[in-house]
2 protein chains.
Amino acid sequence: MLIKYDHPTRILLALDCIIFGFDGEELKLLLVKRNIEPEIGKWSLMGGFLNEGEDLEVAAERILYERTGLKEIYFEELQTFGKVNRDPVERTVSVCLFSLINIHAHNPDAAKAQNAYWINLKNRPNLIFDHNEMVNLAIERLRYKAALHPIGFELLPEKFTIPQLQKLYEAIYDMPLDRRNFSRKILSTGLLIDTGEKNENSITKKAILYRLDQEKYQKHFNAFLNFMPDVSLS
Amino acid sequence: MLIKYDHPTRILLALDCIIFGFDGEELKLLLVKRNIEPEIGKWSLMGGFLNEGEDLEVAAERILYERTGLKEIYFEELQTFGKVNRDPVERTVSVCLFSLINIHAHNPDAAKAQNAYWINLKNRPNLIFDHNEMVNLAIERLRYKAALHPIGFELLPEKFTIPQLQKLYEAIYDMPLDRRNFSRKILSTGLLIDTGEKNENSITKKAILYRLDQEKYQKHFNAFLNFMPDVSLS
DNA sequence: TCAAAAGTGTTCTTCCTACACCCATGG
DNA sequence: CCATGGGTGTAGGAAGAACACTTTTGA
């Protein structure tokens with residue numbers, strides 16, 4: 001590459017990750033209490049910079065791996081944020097990632113080493129830069145996608161019960177759902193396989209543990225499944 | 001800004017625009033036959049670079065305006081493309097825009113001055129770099145969004161008939177639709193206002209000209225309206 | 001045996017789909 | 001008066017919403 005484009009602006013490119021988890025009761029975000037400048041001591045999303053000679057998508061996978069210790073997790077691009085002064089240190093354009101992980105597969109020691117914590121979505125602290133805006137957009141996206149696509153499973157352990165799944169949806173939309181209709185709707189997708197096991201943790205009646213039919217999941221991912229009744233999204 | 005981030009990589013940031021139009025029969029793309037290097041003589045999307053001191057969104061609006069002569073047109077971010085060698089001249093990350101315009105509001109002289117042409121989507125030429133990939137993704141997005149949101153109107157003139165709208169949807173999904181059901185579905189949204197006028201161009205019975213209820217359009221934009229029967233997207 | 005959670009069935013209503021007839025226009 | 005395209009109505013079926021009872025379990 002000898003000749004370059006005759007344009008003066010070259011910019012630092014960051015990737016910021018919105019990482020959702022679900023503990024069985026509440027939606028959570030993996031946030032970091034910064035021990036580096038700028039904004040030391042404040043809360044922010046986890047992120048990193050795009051490297052020389054690194055594909056953007058590879059960088060996304062690398063950073064998510066560095067931050068969670070997990071590979072092959074669900075993520076998609078949320079949006080690219082590029083306000084001039086969004087980062088006071090220098091101009092930085094941030095490709096923002098939207099990611100869902102099984103909170104129990106995540107190593108809590110690795111998180112501590114990075115000063116990262118799972119924070120309840122509902123009482124999250126104020127974040128630096130434009131990270132609040134990113135999180136708000138991510139919540140919107142989560143609500144949007146989960147209503148139409150079987151995306152919620154990404155937040156659950158491999159084996160899960162229908163009541164767990166329902167609690168997840170109730171947390172996402174912050175509304176109660178009818179057990180009977182929810183159960184029927186989910187089962188009618190044919191995406192769940194009865195493992196034959198029961199949830200031994202339960203105090204009362206043990207619920208059936210299901211796992212996802214991976215093949216059908218891939219195939220039907222883009223079908224509109226209408227998981228939610230009457231969702232009209234802000 | 002005295003101290004910068006201790007990271008070596010600063011990158012050129014491009015914006016590439018996928019601009020859809022509809023001539024009443026076919027979906028079209030605004031493409032440019034390049035008269036500059038690299039890849040002179042080949043077809044590409046229209047684009048530009050992000051400037052120093054310019055917000056990303058402002059750059060998007062600027063470039064769309066430079067390329068179409070139109071302001072306040074519908075656009076959204078499609079995706080950011082960042083493969084290392086996607087541009088042979090130098091590493092360039094491209095924020096790809098997805099835009100819908102009223103083809104008749106577009107100035108054909110301005111287009112010619114830029115060597116730009118409206119090309120039928122179905123027999124579009126091969127494009128440079130990763131632009132084919134961008135277009136394919138944009139078609140997918142168009143089909144996705146138009147099935148759920150009242151986005152199609154952006155491609156039509158201010159006043160339009162229901163048969164025109166139906167032809168648009170048939171072009172987007174490349175499938176015939178039932179006139180009666182389509183009409184009922186569209187009218188039931190309450191988004192159309194009867195202008196009292198009729199389409200004088202028609203040879204036979206003159207169709208009613210409608211216009212969009214802008215207020216309802218804004219308010220209901222994010223409601224899922226289920227415009228399409230049985231759409232399961234790729 | 002009781003409380004708490006899980007599983008399942010039915011009815012009503014709504015919405016979607018398939019389909020046919022009539023009207024307006026210009027040649 | 002006829003061919004072409006536009007407007008509208010209806011009956012049947014599928015899916016969603018509202019709702020209640022039974023089962024399992026451990027205390």
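Numbered from 1 within each chain, the chains take letters A, B, ... in sequence-line order.
- Nucleotide dT23(D) holds its P atom 14 Å from the NZ atom of Lys198(A), rounded to whole Å.
- Within 4.0 Å (heavy atoms only), Ile208(A) reaches sugar-phosphate atoms of the nucleic acid but no base atom.
- For Gln164(B) and dG7(D), the CD to P distance is 10 Å, given to the nearest whole Å.
- Of the candidates dA17(D), dA6(C), dT10(D), dA6(C) carries the atom nearest the Pro163(A) side chain, counting heavy atoms from C-beta on.
- Summarising the geometry of His104(A) relative to Phe22(A), their closest heavy-atom pair is CE1-O, 4.2 Å, with the distance given to 0.1 Å.
- Residue Thr204(B) has its side chain nearest to dT25(C) when only dA17(D), dT25(D), dT25(C) are considered.
- Checking side-chain atoms of Asn115(A) against main-chain N and O of Lys33(A) turns up a donor-acceptor pair under 3.5 Å.
- Evaluation of atom-type donor-acceptor distances gives a pair under 3.5 Å for the side chain of Arg184(A) against the base of dG9(C).
- Between Ile19(B) and the choices Leu29(B), Leu31(B), Leu64(B), the side-chain contact (heavy atoms from CB on, under 4.5 Å) rule is met once, by Leu64(B).
- Of the possible polar contacts, one joining the Tyr173(A) side chain to the Arg143(A) backbone as a donor-acceptor pair under 3.5 Å is found.
- The ring of Tyr74(A) has its center no closer than 6.0 angstrom to the ring center of His149(A).
- Rounded to an integer number of Å, the gap from CG of Asn181(B) to P of dT10(D) is 15 Å.
- At least one side-chain nitrogen or oxygen of Lys185(A) sits closer than 4.0 Å to the OP1 or OP2 atom of dA17(D).
- If you take CG of Asp194(B) and P of dG7(D), they are 10 Å apart, rounded to a whole angstrom.
- For the pair Ile162(A) CD1 and dA6(C) P, the interatomic distance rounds to 11 Å; values are reported in whole Å.
- Following rounding to the nearest Å, Leu187(A) (CG) and dG9(C) (C1') show an atom-to-atom distance of 14 Å.
- Contact annotation: Lys206(B) reaches the phosphate of dG26(C) (side-chain N/O to OP1 or OP2, under 4.0 Å).
- Nearer to the 5' terminus of DNA chain D, by closest-nucleotide assignment, is the contact made by Lys205(B) (compared with the other of Lys205(B) and Glu200(A)).
- Rounded to whole Å, atom P of dC23(C) lies 17 Å from atom CZ of Arg180(B).
- In this structure, CG of Leu192(B) is placed 12 Å from P of dT8(D), rounded to the nearest angstrom.
- Taking the side chain of Arg179(A) as heavy atoms from C-beta on, and the options dA6(C), dG6(D), dT10(D), the nearest nucleotide is dA6(C).
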